[in-house]
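In what follows, a single structure is set out as structure tokens and then discussed.
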Amino acid sequence: MSVYEPNSRHLREVLIFCFNMKKSAAHRMLSNTYGEAAISERTCREWFQRFKNGDFEIEDRHSGGREKVFEDAELEALLDQDSCQN
């Protein structure tokens, strides 16, 4: 048995392959191959929908959520720890 554990990019590339081969059982194949490391059936459906819409970009996207806002005191403390930072 292989010790390879797939990352999300690998799984998405496999999904593109399955999509192009018109294999609707992609989740089952991933689960049989990678077990717990496979993505969920819902995630497979979401990616297939993206591919169907012509979006084949598999890189992680910024979630669009609000970025962390630091208070001045936090920034001052960080600068005190490492004065080379600006």
Side-chain angles (χ1 to χ4, degrees):
M1 176 112 192
S2 174
V3 294
Y4 174 74
E5 186 146 332
N7 60 32
S8 58
R9 180 182 175 87
H10 171 80
L11 293 171
R12 292 170 189 166
E13 289 171 343
V14 170
L15 286 176
I16 289 175
F17 174 78
C18 291
F19 176 80
N20 286 326
M21 296 292 294
K22 305 207 183 327
K23 299 288 185 187
S24 60
H27 177 260
R28 189 173 335 133
M29 291 188 300
L30 288 172
S31 292
N32 289 342
T33 304
Y34 297 119
E36 292 293 317
I39 55 180
S40 70
E41 184 174 358
R42 179 179 179 186
T43 300
C44 285
R45 285 194 309 266
E46 289 170 355
W47 279 100
F48 267 51
Q49 187 60 48
R50 285 186 188 189
F51 302 153
K52 186 176 179 181
N53 293 334
D55 180 4
F56 291 92
E57 181 61 47
I58 59 171
E59 297 300 323
D60 288 328
R61 296 180 182 165
H62 178 62
S63 64
R66 186 173 159 199
E67 293 186 23
K68 181 165 174 50
V69 176
F70 288 98
E71 295 296 324
D72 287 340
E74 289 177 288
L75 292 173
E76 288 292 332
L78 290 172
L79 286 172
D80 288 341
Q81 290 175 3
D82 186 359
S83 61
C84 293
Q85 299 295 321
N86 57 19

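For clarity, every value in this text was computed on a predicted model and none was experimentally measured.
- Rounded to the nearest 0.5 Å, atoms CH2 (W47) and SG (C18) are 14.0 Å apart.
- Between L11 and A37, the closest heavy-atom pair is CD1-O, 3.6 Å.
- How far OG of S31 is from CZ of R28: 9.5 Å, rounded to the nearest 0.5 Å.
- Here the straight-line distance linking atom CZ of R12 with atom CG of N7 works out to 9.0 Å at 0.5 Å rounding.
- Between H27 and S40 the shortest heavy-atom distance is CD2-C, 3.3 Å.
- Residues T43 and L15 fail the side-chain proximity criterion, which asks for heavy atoms closer than 4.5 Å.
- Electrostatic pairing of R50 and E46 does not count as a salt bridge here, judged by no charged N lying under 4.0 Å from a carboxylate O.
- Between Y4 and H10, the shortest heavy-atom distance links the atoms OH-CG, 3.4 Å.
- Rounding to the nearest 0.5 Å places CD of E36 at 10.0 Å from CD of E5.
- Atom-to-atom distance recorded for E13:CD and F56:CZ is 13.5 Å, nearest 0.5 angstrom.
- Under a hydrophobic clustering in which Ile, Leu, Val, Met, Phe, Trp and Tyr are joined whenever their side-chain heavy atoms come within less than 4.5 Å, directly or via other members, M29 and F51 fall into different clusters.
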